Protein chains: 2
Amino acid sequence: MCWYSTSEWMEKIAAKKQTLAFKKGEVIFKEGSPATGIYFLLEGIVKVHKHWGENKDLILHFSKPGELFGYRGLGDDTIYPVTATVLEHCTACFVPMDFFNETLRINHELTLQFLRFHLNELKYAELRMRNLALMDVKGRIADAILMLEKRFGKRDDGFIGLQLKRQDLAAYAGTTYETFFRMVNELIKEDAIAVKGKQFSILNHQKLAQYGRVDNPLL
Amino acid sequence: MCWYSTSEWMEKIAAKKQTLAFKKGEVIFKEGSPATGIYFLLEGIVKVHKHWGENKDLILHFSKPGELFGYRGLGDDTIYPVTATVLEHCTACFVPMDFFNETLRINHELTLQFLRFHLNELKYAELRMRNLALMDVKGRIADAILMLEKRFGKRDDGFIGLQLKRQDLAAYAGTTYETFFRMVNELIKEDAIAVKGKQFSILNHQKLAQYGRVDNPLL
DNA sequence: CGCGGTTTTGAACTAAGTCAAAAACCGTGG
DNA sequence: CCACGGTTTTTGACTTAGTTCAAAACCGCG
């Protein structure tokens, strides 16, 4: 996910531009509002999500320090197609759209890396499309948990290095709170995972992967 | 969708490289097989899809002449994450991966266009993710039909310029054949669309858009 | 004319969503 | 240290959208 890992560009940016702080629960930008720039996350966790109807939304992505978000505002129309909300207090460095576009025009290496990054994002998005359309809820939840461990690692005690509300986990798996809850219980009963408060840990990757799927690039 | 429209690159390619012909029903490349290159479609229609389980699959995209497909094989792993199957007899020009990558390395303008294209693809994929997760079937079918008209235009008699099997339409909307059928009946009864064999036409965009959604960039 | 593939319909079934209401948990301020 | 109010968590009962299965009817075509 770190397309820019070999790029010095980001460091330069981070040093030069102003950094902003956002507190838990704050909305950084909202679906439908004009896209003014992209953000480079220095600390904290952000969720990127899309909503539908009154109180439904689907979480597309959790961003962690060192990653970009808001780049979905680039492209043909300059409106954020997603909302970004702070899950854990964060600081981010804001890069105005013009500046970023200009940089892309000039820096071929960066453009290539950015392209590469998006190719992977696209693949992942399409994988999830299929999962949402064809896989059952249990499988999607299994995938969600595997993804979390992969992306946020696990601590010494085995629990995943990121604690989320069940509501958010459910919204990532594309299901309701209650259904999520029931499925998690089943997974616990089957000794596939263990849960303690907001902490999740995977006991049996094998079993979990049976529900989810092998060909997930994030696993 | 025509990211390359202003690029001369494609013409050069099409002139230089060999073109291949595929007949209806033929699989051009298959999910999981090594990605050898990308294709530039000259004639015909191709569906790009992902499968799951025995007999389920989700259609991600219909490609028409003048478009690329197979670029999803680019990126970190060089395995096609999708299958491409011919819907209407087609000819395509094959561009080996190495060559394409090399071109990207050299041609900055092309890279930028390609990036732009993918940003839009990503947005669209994420929009559809949300639709699959949160919208009901009727809405997704409405969207599918609107998308078809938008992308393939309508003929003089008002019918959409592409005829698909219901099976494929259902697979695009992420539902079963039978459900698709029933929903289409409802839409007909409500005078939102008209159907004649494989031909679909939209009678009331307004009504259709109510089920689907305004914020679809393809509409 | 008959055969293979669609289309159409009905009925049964089930996965998942919805609603509602305890129970547990948590910070915070007295 | 406890009580309080609000947010999560946990459960049960119910509803329903959508799938599945199975069997007609239909249609184009060799």
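Everything numeric here is computed off the predicted structure, so don't read it as measured data. Below, read A as the first sequence line, B as the second, and so on, with proteins coming before strands; counting in each chain starts at 1.
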* Closer to the 5' end of DNA chain D via nearest nucleotide, is it A:Gly197 or B:Phe180? -> A:Gly197
* Asked: In this structure, which one of B:Glu26, B:His49, B:Lys30 forms a side chain to side chain donor-acceptor pair (under 3.5 Å) with B:Thr85?
  -> B:His49
* How close or far is atom C1' of C:dG4 from atom NZ of B:Lys165, stated in whole angstroms? -> 12 Å
* To do: State plainly whether the residues A:Lys50 and A:Asp57 are in salt-bridge range, i.e. N to O under 4.0 Å.
  => no
* To do: Using a 4.0 Å heavy-atom cut-off across all strands, classify B:Arg166 as base, sugar-phosphate, or nothing.
  => sugar-phosphate
* Rounded distance (Å) that lies between atom P of C:dC19 and atom OH of A:Tyr177 -> 17 Å
* Asked: Taking side chain as C-beta onward, heavy atoms only, is A:Phe62 less than 4.5 Å from A:Val48?
  -> no
* Once you round it to whole Å, what is the distance between P of C:dT7 and CG of B:Leu164? -> 11 Å
* Asked: Salt bridge or not for A:Arg130 and B:Glu31, using N-O below 4.0 Å?
  -> yes
* To do: Describe, as an angle rounded to 10 degrees, how the axis at the first end of the helix from C:dC1-D:dG30 to C:dG30-D:dC1 is tilted relative to the axis at the last end, five pairs per end.
  => 30°
* Would you mind checking if A:Glu186 and A:Lys138 are paired as a salt bridge, meaning a charged N to carboxylate O distance below 4.0 Å? => yes
* Does a side-chain N-to-carboxylate-O contact under 4.0 Å join A:Glu88 and A:Lys24? -> no
* So what does A:Lys138 touch, heavy atoms closer than 4.0 Å: a base, only the sugar-phosphate, or nothing? -> nothing
* Could you state the CD-C1' distance from B:Gln167 to C:dT7, rounded to the nearest angstrom? -> 12 Å
* Structure fact -> On DNA chain D, more 5' by nearest nucleotide between A:Lys198 and B:Arg182 is A:Lys198
* Asked: Which part of the nucleic acid does B:Glu178 contact within heavy-atom distance under 4.0 Å: base, sugar-phosphate only, or nothing?
  -> base
* Any A:Lys56 side-chain nitrogen or oxygen under 4.0 Å from OP1 or OP2 of C:dT18 -> yes
* Is B:Glu178 salt-bridged to B:Arg166, going by a charged N under 4.0 Å from an acidic O? -> no
* Asked: Which is the 5'-most and which the 3'-most nucleotide of DNA chain D that has an atom under 4.0 Å from a heavy atom of chain A?
  -> D:dT8 to D:dA13
* To do: Identify whether NZ of Lys or CZ of Arg in A:Arg140 sits under 6.0 Å from the centre of the six-membered ring of A:Tyr211 and within 45° of that ring's axis.
  => no
* CG of B:Leu132 versus C1' of C:dA16: gap in Å, rounded? -> 16 Å
* Structure fact -> Rounded to whole Å, the CZ-P distance (A:Phe181 to C:dC25) equals 12 Å
* Asked: Is any side-chain N of the basic residue among A:Arg116 and A:Glu121 closer than 4.0 Å to the acidic one's carboxylate O?
  -> no
